[in-house]
Amino acid sequence: MNVRTRFAPSPTGHVHIGNIRAAIYNWLFARHEGGQFLLRIEDTDRERSTPEAIQTLLDAMNWIGLDYDKEPLYQSTRIEAHLEAAEQLLSKGLAYKEDKGNTGQGEAIVFRMPDKDMVFHDKMKGTLRKPAESLNDLVLVRSNGTPVFHLANVLDDIEMGITHVIRGDDHIENTYRHVALYEALDAPIPQFAHLPMIVNRQGKPYSKRDGDAFVGDFREKGYLPEALFNYLTLLGWSPGDDREKISRDETISLFDIKRVKSAPAQMDLDKLYWMNGAYLQAMPNDQFKQGCIAVLKKQGLWTETLSEDYIDRVFDLMRERIKCFPDIVSLAGFFFTEEYDYDEKAVNKRIKKEGALDRLLKLKDQFVDLAPFDVETIESVLRGLAEDMGISPGGLIHPVRVATSGLPMGPSLFEMLEVLGKDRVIERIDRTSARFNPNR
RNA sequence: GCCCCCAUCGUCUAGUGGACUAGGACGUCGGGUUCUCAUCCCGGAAACACGGGUUCGAUUCCCGUUGGGGGUGCCA
């Protein structure tokens with residue numbers, strides 16, 4: 001069978017995370033089956049469907065890696081066909097005109113639901129049925145002459161030759177009615193699969209009010225498209241074994257719509273963050289560098305004069321500690337500016353303690369004449385001084401770290417100081433000392 | 001109200017009548033490695049919503065209850 005699926009969003013300027021997941025499943029199914037994945041843009045709401053909104057949609061799909069076959073079909077080009085089909089249903093007696101009297105604009109065209117229980121087979125949920133008496137007739141064309149979603153949706157799916165409709169399970173109710181429409185239109189009925197929704201912490205459908213509801217939100221926060229893709233893929237589906245980090249190609253070959261869960265799933269941002277870290281760790285060095293640099297530039301921390309050697313060494317130090325590109329700013333910003341912030345708690349604990357500054361300055365004195373200023377010499381001087389002072393190395397290590405980076409944690413201190421360089425280390429210790437000296 | 005869908009650790013899930021003292025992952029807690037953080041390693045706590053059936057035997061099948069969601073639009 002020649003499988004053909006589609007993604008049919010209405011462009012609103014944002015792409016909802018639930019919609020993109022539905023798109024992903026359609027895409028995966030089509031790719032797995034060697035079929036086609038098409039895009040239909042439901043742009044009949046001219047108010048919202050601006051060129052920018054459409055571009056946002058296309059960008060989001062491109063970013064997360066959903067390529068589509070053929071040119072997108074714009075629903076607005078199909079209105080004539082929709083109206084014509086409604087007329088035909090009318091002439092066949094399968095629909096009727098009605099004026100509820102409250103519009104004053106004319107008569108609507110209403111589809112007469114057949115007097116029988118509606119049944120369809122859902123690829124995930126099994127056989128679904130609904131009694132005839134619970135299905136009302138369905139408006140196809142409004143009294144103002146515009147076709148409604150149901151008519152347009154079904155007609156366009158027929159036009160595009162869609163064989164499998166994979167969508168959110170909020171559409172189950174519609175499907176009973178759509179099936180009746182397919183029959184009335186004498187068109188082959190596609191297979192359906194209804195995905196559970198993505199819900200928020202309260203178990204309610206994920207909405208924009210929950211934040212992080214749109215693809216763009218994750219992109220802006222520096223998430224990797226492949227990580228989001230992988231995470232979303234696992235939100236409702238699993239390969240059946242313990243694999244979790246699964247490449248795109250592997251997912252395509254493993255994907256089975258029958259293995260999609262039928263219960264709603266909740267976004268777990270912690271796990272997404274973890275997965276992003278897994279992809280970041282696995283990425284080639286150069287790509288990692290470029291990603292970090294992009295964020296630094298955005299934050300105004302980047303200077304073109306930095307030597308290649310310096311940035312390589314910084315990124316080497318940070319490589320294992322970063323799970324999302326923006327982390328480079330909070331964890332390593334001090335490598336790129338003298339105006340780094342001091343962590344208040346760390347300062348209280350390591351700098352403002354009795355005698356801490358004196359010890360720090362003594363260490364600085366040792367640094368002044370140190371040559372070379374490298375990991376080995378720094379470490380031996382520091383440990384030697386600690387021993388002379390009768391304190392543990394940590395008694396010096398922690399204060400220097402806070403003084404030179406502002407942070408209570410970070411990369412290996414000796415390497416960090418070496419990369420920073422002697423002059424800057426001394427300067428930073430002096431500056432810190434002046435700033436927090438109580439006797440000033 | 002009526003109709004439809006759903007129900008395993010906090011979260012994502014494995015599980016399709018016995019292999020389950022219910023497995024994995026994220027998170028969390030404890031320990032180890034270490035100059036801190038991260039990584040890594042070891043270990044712990046943590047779930048089959050409830051009640052009836054069916055069966056020699058139910059997480060697994062059926063019914064009901066409860067809870068959540070959706071629909072019942074001239075919205076999509």
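Residue numbering restarts at 1 for every chain, and letters A, B, ... go by the order of the sequence lines. These values consider heavy atoms only, across backbone and side chains, with no hydrogens, waters or symmetry-generated copies.
A salt bridge links A:Asp241 with A:Arg243; the closest basic N to acidic carboxylate O contact falls under 4.0 Å.
Nucleotides B:U60 and B:G18 are separated by 12 Å at their P atoms, to the nearest Å. For the P atoms, the distance linking B:A14 with B:U8 amounts to 10 Å, nearest Å. Taking atom C1' in both B:C42 and B:U33, one finds a spacing of 11 Å when rounded to whole Å.
Applying the 3.5 Å distance criterion, the base of B:C2 shares no donor-acceptor pair with the side chain of A:Ser134. Between the side chain of A:Asn174 and the base of B:A76, at least one donor-acceptor pair of N or O atoms lies under 3.5 Å. No hydrogens or angles were tested; on distance alone, nothing pairs the side chain of A:Arg129 with the base of B:C4 as donor and acceptor under 3.5 Å.
Atom-to-atom, NZ of A:Lys125 to P of B:G70 comes out at 13 Å; the value is rounded to the nearest Å. Between the C1' atom of B:C37 and the CZ atom of A:Phe414 lies a distance of 15 Å, rounded to the nearest Å.
Within 4.0 Å of A:Arg48, counting heavy atoms only, lies no atom of the nucleic acid at all. Across all strands shown, A:Pro264 has heavy atoms under 4.0 Å from sugar-phosphate atoms exclusively, and none from any base. Contacts of A:Gln266 with the nucleic acid, taken as non-hydrogen atoms under 4.0 Å apart, involve only primed sugar atoms and P, OP1 or OP2. At the heavy-atom level, A:Glu133 lies nowhere under 4.0 Å from the strands shown. Using a 4.0 Å heavy-atom distance criterion, A:Ile172 is classed as a sugar-phosphate-only contact. Counting any heavy atom pair closer than 4.0 Å across all strands shown, A:Ala108 reaches a base atom. Counting any heavy atom pair closer than 4.0 Å across all strands shown, A:Tyr176 reaches sugar-phosphate atoms only and no base atom.
For A:Arg259 and B:A14, the shortest distance from a side-chain N or O to OP1 or OP2 is below 4.0 Å. OP1 or OP2 of B:C35 lies within a sub-4.0 Å distance of a side-chain N or O belonging to A:Arg383. For B:A76, the OP1/OP2 oxygens have no side-chain nitrogen or oxygen of A:Arg177 closer than 4.0 Å. For the pair A:Arg142 and B:C75, the criterion of a side-chain N or O lying under 4.0 Å from OP1 or OP2 is met. Applying the 4.0 Å criterion to OP1 and OP2 of B:C2, one finds that A:Lys130 has every side-chain N and O outside that range.
The 5' end of RNA chain B is approached more closely, in terms of each residue's nearest nucleotide, by A:Ser238 than by the other of A:Ile322 and A:Ser238. Each of A:Gly410 and A:His150 was matched to the nucleotide of RNA chain B holding its nearest heavy atom; the match closer to the 5' end belongs to A:Gly410.
Residue A:Arg129 places its CZ atom among 12 or fewer non-hydrogen atoms of other residues, nucleotides or ligands, all under 6.0 Å distant.
A 3.5 Å limit on both hydrogen-bonding distances identifies B:G71 as the Watson-Crick or G-U partner of B:C2. In this structure, B:C20 makes no Watson-Crick or G-U wobble pair, since no nucleotide meets both defining distances under 3.5 angstrom. Under the Watson-Crick or G-U wobble criterion, with both distances below 3.5 Å, B:A7 is paired with B:U66.
The side chain of A:Asp268 sits closest to B:U11 out of B:C35, B:U11, B:A38. Closest approach to the A:Pro205 side chain among B:A76, B:G70, B:U36 is made by B:G70 (side chain taken as heavy atoms from C-beta onward).
Separation of the A:Tyr176 and A:Phe120 ring centroids falls under the 6.0 Å cut-off. Aromatic rings of A:Phe29 and A:Phe255 (six-membered ring for Trp) have centroids beyond the 6.0 Å cut-off, not under it.
Remark: A:Lys123 fails to qualify as a cation-pi partner of A:Phe192 under the 6.0 Å distance and 45° angle criteria applied to the six-membered ring.
Taking the six-membered ring where tryptophan is involved, the planes of A:Phe325 and A:Phe288 are tilted, since the angle between them lies from 30° to 60°.
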